[in-house]
2 protein chains.
Amino acid sequence: MSCYLHPATDDIRLPAVLAALGDPVRIAIVRALAAAEAGLNCSMAGPIENVARSTLSHHFRVLREAGVIWMVKKGVENINTLRRADLDGRFPGLLDQILRSSCADIGQDSASEPMAKPVEAHGALPSA
Amino acid sequence: MSCYLHPATDDIRLPAVLAALGDPVRIAIVRALAAAEAGLNCSMAGPIENVARSTLSHHFRVLREAGVIWMVKKGVENINTLRRADLDGRFPGLLDQILRSSCADIGQDSASEPMAKPVEAHGALPSA
DNA sequence: CCAATAGTTCGGTATTTTGGAACAACGGTA
DNA sequence: TACCGTTGTTCCAAAATACCGAACTATTGG
């Protein structure tokens, strides 16, 4: 049976999930999977950006080992699906919330920019 | 004016926020700040774990540069506050959702464990 | 059997994390 | 003023990660 290693549902950890989603390429993958009706292979789910195949492979592994996606080998390709139910069981509402938030963050390249328009601390506390 | 560099509200990026919170030490800091009535200095907000001061300083910088916390120098210490309103303005509901989720993840060391009880892909798709 | 396709693994380089040691800044005390 | 204890940063080097190209494996189609 074509098998990759996945954490059991109870072993999905929040920091791992957030770290997995805290990368522009990986959250793009998750968005693509969330928008897809069925599972997607790595080439379809992976962004078109200038990302090497080996790097993409690495990103999928991070998502898989964090418990975010389920990966099944099917013929020559891998079918990836979001572990929606598992994530919801563990952290109800989290995935949907992050997907919603990611809609408010598209467009801005969000990637390697150091810090666009930095701001200094004004004497008083911020927007509290 | 004692000033650190903070991103402007509009420059807060989701991947940066998730990556910042995707670390056991850093989310512990954020939880402490969320639970506190007022701002906390680094020693109070930082976990008691075996984390060197220099490392803690690094973690606070990551949180600050991701736009998660506001840091103001006050006398000999730094006062840290959550940028609740800014985060909510940018990603409504996200912070609260993550804080809720983090409650479901305490206890489990969540840290460096490789993968506790791994599971193999069963022929059919998972909990879909 | 041969070629094409989909991904993984390997090797080296670049970036990030981590902690110890040294340093700077402030508050309190005399 | 000088001196100390506290708080936190910066500097440096080691460990761990991320990234890409090249080589490799596995499967499908002709």
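Residue numbering restarts at 1 for every chain, and letters A, B, ... go by the order of the sequence lines. No hydrogens, no waters, no symmetry mates; every other heavy atom, side chains included, goes into these values.
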Colleague: Assign a letter to each nucleotide of nucleotides 20-30 of chain C from its 5' end: B, base within under 4.0 Å of a protein heavy atom; S, sugar-phosphate only; -, no contact.
Modeller: B----BB----

Colleague: Rounded to the Å, how far apart are A/Leu56 CG and D/dC19 C1'?
Modeller: 12 Å

Colleague: Write down the distance between CD (A/Glu77) and P (D/dT28), rounded to a whole number of angstrom.
Modeller: 10 Å

Colleague: Under 4.0 angstrom, heavy atoms only, what part of the nucleic acid is A/Asn80 near: base, sugar-phosphate, or nothing?
Modeller: nothing

Colleague: For B/Arg61 and D/dG8, what is the distance between atoms CZ and C1' respectively, to the nearest whole Å?
Modeller: 13 Å

Colleague: CE of A/Met71 versus C1' of C/dA6: gap in Å, rounded?
Modeller: 10 Å

Colleague: For the pair made of CE in B/Met44 and P in D/dT6, what is the distance, rounded to whole Å?
Modeller: 15 Å

Colleague: To the nearest 0.5 Å, what is the distance between CD on A/Glu65 and OH on A/Tyr4?
Modeller: 12.0 Å

Colleague: Please round to the nearest 0.5 Å and tell me the distance separating atom OG1 of A/Thr55 and atom CD of A/Glu49.
Modeller: 11.5 Å

Colleague: Can you measure from SG (A/Cys42) to CD1 (A/Ile69) and round to the nearest 0.5 angstrom?
Modeller: 7.0 Å

Colleague: CG of B/Asn41 versus P of D/dT9: gap in Å, rounded?
Modeller: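 Going from B/Asn41 (CG) to D/dT9 (P), I get 11 Å.
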
Colleague: Under 4.0 Å from OP1 or OP2 of C/dT8: is there any side-chain N or O of A/Asn78 that close?
Modeller: yes

Colleague: Select one nucleotide: of C/dT18, D/dG8, C/dG7, the one nearest the side-chain heavy atoms of B/His59.
Modeller: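 So the nucleotide nearest the side chain must be C/dT18.
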
Colleague: Figure out the NE2/P separation between A/His58 and C/dC10, and round it to whole Å.
Modeller: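 Computing the A/His58:NE2 to C/dC10:P distance gives 15 Å.
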
Colleague: If I take atom CD in residue A/Glu65 and atom P in nucleotide C/dT8, what distance separates them, rounded to the nearest angstrom?
Modeller: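 Rounding to the nearest Å, CD of A/Glu65 and P of C/dT8 are 11 Å apart.
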
Colleague: When rounded to the nearest 0.5 angstrom, what distance separates CE in B/Met71 from CG in B/Asn41?
Modeller: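 It is 9.5 Å, given to the nearest 0.5 Å.
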
Colleague: Could you tell me whether the side chain of B/Arg64 reaches within less than 4.5 Å of the side chain of B/Asn80, counting heavy atoms only?
Modeller: no

Colleague: Output the distance between atom CG (A/Asp86) and atom CZ (A/Arg90), rounded to the nearest 0.5 Å.
Modeller: 10.5 Å

Colleague: Within the pair A/Ser43 and C/dG7, is there a side-chain N or O less than 4.0 Å away from OP1 or OP2?
Modeller: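 Yes, A/Ser43 has a side-chain N/O under 4.0 Å of OP1/OP2 on C/dG7.
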
Colleague: Pick out which of A/Asp105, A/Asp23, A/Leu21 makes a side-chain contact (heavy atoms from CB on, under 4.5 Å) with B/Pro15.
Modeller: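 When side-chain contact (heavy atoms from CB on, under 4.5 Å) is applied between B/Pro15 and each of A/Asp105, A/Asp23, A/Leu21, only A/Asp105 qualifies.
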
